[in-house]
> 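Sharing a structure here in structure tokens format.
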Amino acid sequence: METYTLRRPDDWHVHLRDGDVLIRTVQHTAEQFARALVMPNLRPPVTRVTDALAYRARILQNVPPDLDFDPLMALYLTEATAIDEVRRVADEPWILGFKLYPAGATTHSEAGIRSLERIYPILEAMERHDVPLMVHGEVTATAVDIFDREKAFIDAELEPMTRRFPALRISFEHVTTRDAVDFVRSAPATVAATITAHHLRYNRNALLAGGVRPHFYCLPILKREE
């Protein structure tokens with residue numbers, strides 16, 4: 001059997017938060033990973049290059065002196081993001097791209113996107129400057145069952161986005177369904193995905209069977225075993 005050993009991998013989706021908790025979150029992450037892509041959904045969100053570099057400096061202040069750790073940053077995409085900010089991200093090696101949160105989809109997503117059409121000029125600039133987009137892929141309409149929101153987002157938003165912006169590099173974040181995996185496999189090479197350990201390990205029985213167990217609640221929510 002062929003095996004692979006990841007001696008010190010990278011974490012491509014981590015929430016370090018901010019303030020006093022950084023001393024713990026940064027240490028735990030740096031002990032395991034060489035690099036990490038830090039999510040920008042703080043309060044207030046990290047929306048500008050200057051904000052992201054300041055946040056990175058705070059993270060580095062909490063890296064233990066015996067560890068070598070490189071935090072890579074993302075900006076929080078809003079409907080008010082300036083086109084010039086896209087160019088600044090393209091020129092900044094420590095910032096990898098923008099994170100798209102549908103408004104109301106997850107923690108601190110109040111400033112997120114309510115209409116994709118409103119950000120088409122920003123996505124065009126990202127495609128032109130080769131700046132990647134990380135996507136929290138769920139619709140937020142109350143009429144859509146929470147277990148179906150990832151599939152609904154693929155059909156209504158993500159698949160049309162990949163057709164309209166074929167050169168835009170997209171990371172479909174923390175996918176949770178077979179539908180998402182099938183979509184990424186069938187999509188152009190510009191589309192990839194991240195998968196979390198807990199979405200691989202657990203299904204929705206962990207959350208609901210035998211009574212509600214809230215410590216298994218996360219967004220996107222756990223799905224069926226398949």
> Would you list the pairs meeting ring pair (Phe, Tyr, Trp, His ring centres under 6.0 Å) in which at least one residue belongs to residues 156-190, sequence neighbours left out?
His13-His174, Tyr120-Phe165, His136-His174

> Quick test of your reading: applying side chain to side chain donor-acceptor pair (under 3.5 Å), list the pairs with at least one residue in residues 19-29, sequence neighbours left out, ordered by first then second residue.
Gln27-Glu31

> Rounded to the nearest 0.5 Å, what's the gap from CZ on Arg114 to CD1 on Ile119? Could you check?
12.5 Å

> Taking the side chain as C-beta and beyond, is there a heavy-atom pair between Ile113 and Tyr101 under 4.5 Å?
no

> Are there more than 12 heavy atoms of other residues, nucleotides or ligands under 6.0 Å from atom CZ of Arg58?
yes

> With rounding to the nearest 0.5 angstrom, report the CG to CZ distance, Leu123 to Arg128.
11.5 Å

> Which residues satisfy the side chain to side chain contact (heavy atoms under 4.5 Å, CB included) test with Thr81, sequence neighbours excluded?
Leu77, Thr78, Glu85, Phe98, Ile122

> Is there a path of hydrophobic side-chain contacts, each under 4.5 Å between heavy atoms of I, L, V, M, F, W or Y residues, that connects Phe216 with Leu200?
no

> Can you find a pair of side-chain heavy atoms, one from Asn203 and one from Leu222, that are under 4.5 Å apart?
no

> Any salt bridge between Glu159 and Arg163, counting N to O under 4.0 Å?
yes

> Between Asp18 (side chain only) and Tyr55 (backbone N and O only), is there a donor and an acceptor less than 3.5 Å apart?
no

> With clusters defined by side-chain heavy atoms of hydrophobic residues (ILVMFWY) lying less than 4.5 Å apart, directly or transitively, does Ile83 cluster with Ile95?
yes

> Just do the side-chain contact (heavy atoms from CB on, under 4.5 Å) check on Gln61 and Val26 with the steps written out, would you?
CA-CA 9 Å; Gln61 289 173 358; Val26 172; over 6 Å; no

> To the nearest 0.5 Å, what is the distance between OG1 on Thr106 and CD1 on Ile221?
11.5 Å

> Are Arg169 and Asp130 close enough that some pair of their side-chain heavy atoms sits under 4.5 Å apart?
yes

> Hey, is CD1 on Ile146 packed in by over 12 heavy atoms from elsewhere, all under 6.0 Å?
yes

> Please find the pair of heavy atoms, one from Met134 and one from Gly97, that lie closest to each other, and give the distance.
CE-C, 3.9 Å

> Applying a strict under-4.5 Å side-chain criterion to I, L, V, M, F, W and Y, I'd like to know whether Leu158 and Leu219 cluster together.
no

> For Thr50, what residues pass the side chain to side chain contact (heavy atoms under 4.5 Å, CB included) criterion, not counting sequence neighbours?
Arg48

> Could you state the interatomic distance from CE (Met39) to NE2 (His108), rounded to the nearest 0.5 Å?
15.0 Å

> When clusters are formed by joining ILVMFWY residues with side-chain heavy atoms under 4.5 Å apart, either directly or through shared neighbours, do Val184 and Val139 land in the same one?
yes

> Which pair of heavy atoms, one from Gly104 and one from Ser109, lies closest together, and at what distance?
N-OG, 3.1 Å

> Check for me, please, whether Leu16 and Leu67 land in the same ILVMFWY cluster - side-chain distances under 4.5 Å, paths through other members count.
yes

> Can any side-chain N or O of Tyr76 pair as donor or acceptor with the backbone N or O of Lys99 at less than 3.5 Å?
no

> With the side chain counted from C-beta on, respond yes when Arg178 and Lys223 share a heavy-atom pair under 4.5 Å apart, and no when they do not.
no

> Compare every heavy atom of Leu53 with every heavy atom of Trp94, then report the nearest pair and how far apart it is.
CB-CD2, 4.5 Å

> Of all the heavy-atom pairs spanning Ser171 and Thr194, show the shortest one and how long it is.
OG-CG2, 3.8 Å

> Set out, in order, the CA-CA distance, both residues' side-chain angles and the distance that settles side-chain contact (heavy atoms from CB on, under 4.5 Å) for Thr190 and Ile170, then state yes or no.
CA-CA 6 Å; Thr190 50; Ile170 299 172; over 6 Å; no

> Say whether, by atom type as modelled, one donor and one acceptor occur between the side chain of Glu79 and the main chain of Ser115 under 3.5 angstrom.
yes

> Partners of Asp10 by salt bridge (charged side-chain N to carboxylate O under 4.0 Å, His left out), sequence neighbours excluded?
Arg35

> Would you mind writing out the side-chain donor-acceptor pairs for residues 148-156 within the sub-3.5 Å range, not counting sequence neighbours?
from: Arg149; atom 1: NE; to: Val144; atom 2: O; distance (Å): 2.9
from: Arg149; atom 1: NH2; to: Ala141; atom 2: O; distance (Å): 3.4
from: Arg149; atom 1: NH2; to: Val144; atom 2: O; distance (Å): 3.2
from: Glu150; atom 1: OE1; to: Thr176; atom 2: N; distance (Å): 3.1
from: Glu150; atom 1: OE1; to: Thr176; atom 2: OG1; distance (Å): 3.1
from: Glu150; atom 1: OE2; to: Thr176; atom 2: N; distance (Å): 3.1
from: Glu150; atom 1: OE2; to: Thr176; atom 2: OG1; distance (Å): 3.2
from: Glu150; atom 1: OE2; to: Thr177; atom 2: N; distance (Å): 3.0
from: Glu150; atom 1: OE2; to: Thr177; atom 2: OG1; distance (Å): 2.5
from: Lys151; atom 1: NZ; to: Asp155; atom 2: OD1; distance (Å): 3.3
from: Lys151; atom 1: NZ; to: Asp155; atom 2: OD2; distance (Å): 2.6

> Assess, by modelled atom type and distance only, whether the side chains of Glu138 and Thr140 contain a donor and an acceptor separated by less than 3.5 Å.
no

> How long is the gap from CG on Leu37 to CD on Glu173, to the nearest 0.5 Å?
7.0 Å

> I want to check something: taking the side chain as every heavy atom from C-beta on, are Met73 and Glu92 in contact at a cut-off of under 4.5 Å?
no

> Looking only at non-hydrogen atoms, find the nearest pair between Pro40 and Ala74 and report the distance.
CB-O, 3.2 Å

> With heavy-atom distances below 4.5 Å as the criterion, would you say the side chains of Leu96 and Pro132 are in contact?
no

> Under the criterion side-chain contact (heavy atoms from CB on, under 4.5 Å), which of Leu168, Thr162, Val135 is the partner of Val191?
Thr162

> So, the side chain of His199 versus the backbone of Pro220: is there a donor-acceptor pair under 3.5 Å, distance only?
yes

> Is there a side-chain contact between Leu72 and Val38 (heavy atoms, below 4.5 Å)?
no

> Go through the steps to decide whether Asn205 and Arg224 satisfy the test side-chain contact (heavy atoms from CB on, under 4.5 Å), and finish with yes or no.
CA-CA 8 Å; Asn205 281 357; Arg224 296 178 182 273; over 6 Å; no

> Would you check if Leu60 and Pro71 make a side-chain contact, meaning some heavy-atom pair closer than 4.5 Å?
yes

> With rounding to the nearest 0.5 Å, note down the distance linking CG in Asp68 to CZ in Arg8.
6.5 Å

